[in-house]
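Everything numeric here is computed off the predicted structure, so don't read it as measured data. Below, each value reflects all heavy atoms present in this structure, side chains not excepted, and no hydrogens, waters or symmetry copies. Labels below follow one simple rule: chain letters A, B, ... track the order of the sequence lines, proteins then strands, and each chain is numbered from 1.
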Number of protein chains: 2
Amino acid sequence: MKKIIAKYRKRDFKLTPQRLAILKYLDGNTSHPTADDIFTNIKKAYPTVSFATVYNTLQALKEKGEILEVTIDYEKRHYDPNIAPHHHIICTECNKISDVFKDYSDSLMLPNEILKEFKTIRNHIDFYGICKECQKERGD
Amino acid sequence: MKKIIAKYRKRDFKLTPQRLAILKYLDGNTSHPTADDIFTNIKKAYPTVSFATVYNTLQALKEKGEILEVTIDYEKRHYDPNIAPHHHIICTECNKISDVFKDYSDSLMLPNEILKEFKTIRNHIDFYGICKECQKERGD
DNA sequence: ATCTAATTTAGAATTATTCTTATTTGATAA
DNA sequence: TTATCAAATAAGAATAATTCTAAATTAGAT
Ligand SMILES: [Mn+2]
Ligand SMILES: [Mn+2]
Ligand SMILES: [Zn+2]
Ligand SMILES: [Zn+2]
């Protein structure tokens, strides 16, 4: 908490109670929440908080490079406070998104026709699978 | 064209002129168009076509497994008539999406903690880079 | 304590997608 | 060929996520 405050004080980022609640909720969060998830959570402590604040804050954090948008769900945007490069595995039954920490870059040589056309920057893998809970429910 | 008609006649898929226009537009299309792209295009030949028809047709084709949704752009959904497994590379400047035909599955061994939790089904890689045209524009 | 630019808020606006319903039509079979 | 009818179309309303607006509040600097 103190650490979070110190970190953002330096960075032209005014710390309001609402923002602190968002930062606290995101800190170490591996659930890949949506704006609505965040809104619902901080509403408990700040019942008058508005959606605009959540979106504004996410926007600001994104611009500062403190969070990333996860492009997996075309219904809602998900946010990831873990900005270290990593991949995801999504359960096709319950849509849970889990982190995959492994760098595959060395194995991902692109075909020549692509190398001719693109200067590559990075890669992100979406694995799809069925999580343990959903396997149980299906009786696999 | 004849091929398309024959293919869908068999499959409980009524062939209307609008649908044929959509199918024709999608056939072999590697541009990963949005519903709006498709709408704009077929409007030329069918000025009274409605958005609902485009969405209905895409929905039907998706359910038949004839097209895939590309989960890359969180503003609009993109559609891909190429249902063969393949990956994508996206230009971070102009957002062009190109196909990458190469199977990396053998290299993509998941970490053990994930293997314990998930039964894996498939993988999809999003590469990010800068396309030739955009490199030129930036003077790289 | 004062000041000010940044932030918050409520609600309106926007945009992609889905839904509704009356009308039309493709495909089948008489 | 024509009648039939389930399925498809079209226009526009509804929905839902996100963005915008503008007035009021406030964090942090002086
Ligand atoms: Mn993650
Ligand atoms: Mn493709
Ligand atoms: Zn699951
Ligand atoms: Zn480009």
Asks: Would you mind classifying the nucleic acid contact of E75(B) as base, sugar-phosphate or nothing, using non-hydrogen atoms under 4.0 angstrom?
Replies: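 If one applies the 4.0 Å heavy-atom cut-off, E75(B) turns out to touch the sugar-phosphate alone, with no base involved.
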
Asks: Of all residues at least two apart in sequence or in a different chain, which pass the side chain to side chain donor-acceptor pair (under 3.5 Å) check with R11(A)?
Replies: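 Only E66(A) meet the side chain to side chain donor-acceptor pair (under 3.5 Å) criterion with R11(A).
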
Asks: How do P17(B) and A52(B) order along DNA chain C: which one's closest nucleotide is nearer the 5' end?
Replies: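 Final value for this comparison: A52(B).
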
Asks: Measure the distance from CG on D37(A) to C1' on dA17(D) and round it to the nearest whole Å.
Replies: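 D37(A) atom CG is separated from dA17(D) atom C1' by 13 Å.
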
Asks: Identify, with sequence neighbours excluded, every residue that meets ring pair (Phe, Tyr, Trp, His ring centres under 6.0 Å) alongside H87(A).
Replies: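 Applying ring pair (Phe, Tyr, Trp, His ring centres under 6.0 Å) to H87(A) gives Y104(A), H124(A).
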
Asks: Report all side-chain donor-acceptor pairs from residues 14-23 of chain A shorter than 3.5 Å, counting only partners two or more places apart or in another chain.
Replies:
unit_1 : atom_1 : unit_2 : atom_2 : d
T16(A) : OG1    : Q18(A) : OE1    : 3.4
T16(A) : OG1    : R19(A) : N      : 3.1
R19(A) : NH1    : K14(A) : O      : 3.0

Asks: Do the side chains of E75(A) and R77(B) get close enough for a salt bridge, i.e. N-O under 4.0 angstrom?
Replies: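 Yes, this pair counts.
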
Asks: Determine whether H88(A) and H32(A) make a side-chain contact, defined as any pair of heavy atoms from C-beta on separated by less than 4.5 Å.
Replies: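 Yes, their side chains come closer than 4.5 Å.
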
Asks: Please give, in whole Å, the distance from dC20(D) C1' to Y55(A) OH?
Replies: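 About 13 Å, once rounded to whole Å.
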
Asks: Once you round it to whole Å, what is the distance between P of dT9(D) and NZ of K43(B)?
Replies: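 Interatomic distance, NZ of K43(B) to P of dT9(D): 15 Å.
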
Asks: Excluding sequence neighbours, so at least two apart, what forms salt bridge (charged side-chain N to carboxylate O under 4.0 Å, His left out) with E137(A)?
Replies: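 E137(A): no salt bridge (charged side-chain N to carboxylate O under 4.0 Å, His left out) contacts found.
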
Asks: If you look at every strand shown and take non-hydrogen atoms under 4.0 Å, does P47(B) touch a base, only sugar-phosphate, or nothing?
Replies: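 Since no nucleic acid heavy atom lies under 4.0 Å of P47(B), the category is nothing.
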
Asks: Taking side-chain contact (heavy atoms from CB on, under 4.5 Å) as the definition, give me every residue that meets it alongside P33(B), ordered by chain and number, with sequence neighbours left out.
Replies: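 side-chain contact (heavy atoms from CB on, under 4.5 Å) list for P33(B), sorted by chain: Y25(B), L26(B), N29(B), S31(B), D37(B), I38(B).
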
Asks: First and last nucleotide of DNA chain C touching chain B, 5' to 3', heavy-atom cut-off 4.0 Å?
Replies: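 Boundary nucleotides touching chain B, in 5' to 3' order, are dA16(C) to dA27(C).
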
Asks: If you look only at distance, which donor and acceptor atoms sit under 3.5 Å apart when one is on a side chain in residues 128-135 of chain A and the other is two or more places apart or in another chain?
Replies:
unit_1  : atom_1 : unit_2  : atom_2 : d
K132(A) : NZ     : K116(B) : O      : 2.9
E133(A) : OE1    : K96(A)  : NZ     : 3.0
Q135(A) : NE2    : I130(A) : O      : 2.7

Asks: Let me know the distance between CG of D36(A) and C1' of dT19(D), rounded to the nearest Å.
Replies: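 Rounding to the nearest Å, CG of D36(A) and C1' of dT19(D) are 16 Å apart.
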
Asks: Mind checking what makes side-chain contact (heavy atoms from CB on, under 4.5 Å) contact with D103(B), not counting sequence neighbours?
Replies: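 Only S105(B) meet the side-chain contact (heavy atoms from CB on, under 4.5 Å) criterion with D103(B).
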
Asks: With axes from five pairs an end, tell me the bend angle of the helix from dA1(C)-dT30(D) to dA30(C)-dT1(D), nearest 10°.
Replies: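 Computed from the C1' atoms at both ends, the axes differ by 30°.
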
Asks: Please tabulate the protein-to-nucleotide N/O contacts below 3.5 Å involving nucleotides 5-8 of chain D, giving atom names and distances.
Replies:
unit_1 : atom_1 : unit_2 : atom_2 : d
dA6(D) : N3     : K14(B) : NZ     : 3.4
dA7(D) : O4'    : K14(B) : NZ     : 3.2
dA8(D) : OP1    : R19(B) : NH1    : 3.0
dA8(D) : OP1    : R19(B) : NH2    : 3.3

Asks: Just to be sure I understand the rule, does T48(A) reach a base, reach only the sugar-phosphate, or reach nothing, if contact means heavy atoms closer than 4.0 Å?
Replies: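 Sugar-phosphate contact only.
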
Asks: Anything under 3.5 Å between a donor and an acceptor, one on a side chain of residues 45-55 of chain A, the other on a protein residue two or more places apart or in another chain? List them.
Replies:
unit_1 : atom_1 : unit_2 : atom_2 : d
S50(A) : OG     : A52(A) : N      : 3.4
S50(A) : OG     : T53(A) : N      : 3.3
S50(A) : OG     : T53(A) : OG1    : 3.4

Asks: Using salt bridge (charged side-chain N to carboxylate O under 4.0 Å, His left out) as the criterion, list what pairs up with K76(A), not counting sequence neighbours.
Replies: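 With neighbours one apart ignored, the set is empty.
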
Asks: If each of L15(A) and A35(A) is mapped to the nucleotide of DNA chain D with the nearest heavy atom, which maps nearer the 5' terminus, i.e. the 5' end?
Replies: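 Here A35(A) is the residue nearer the 5' end.
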
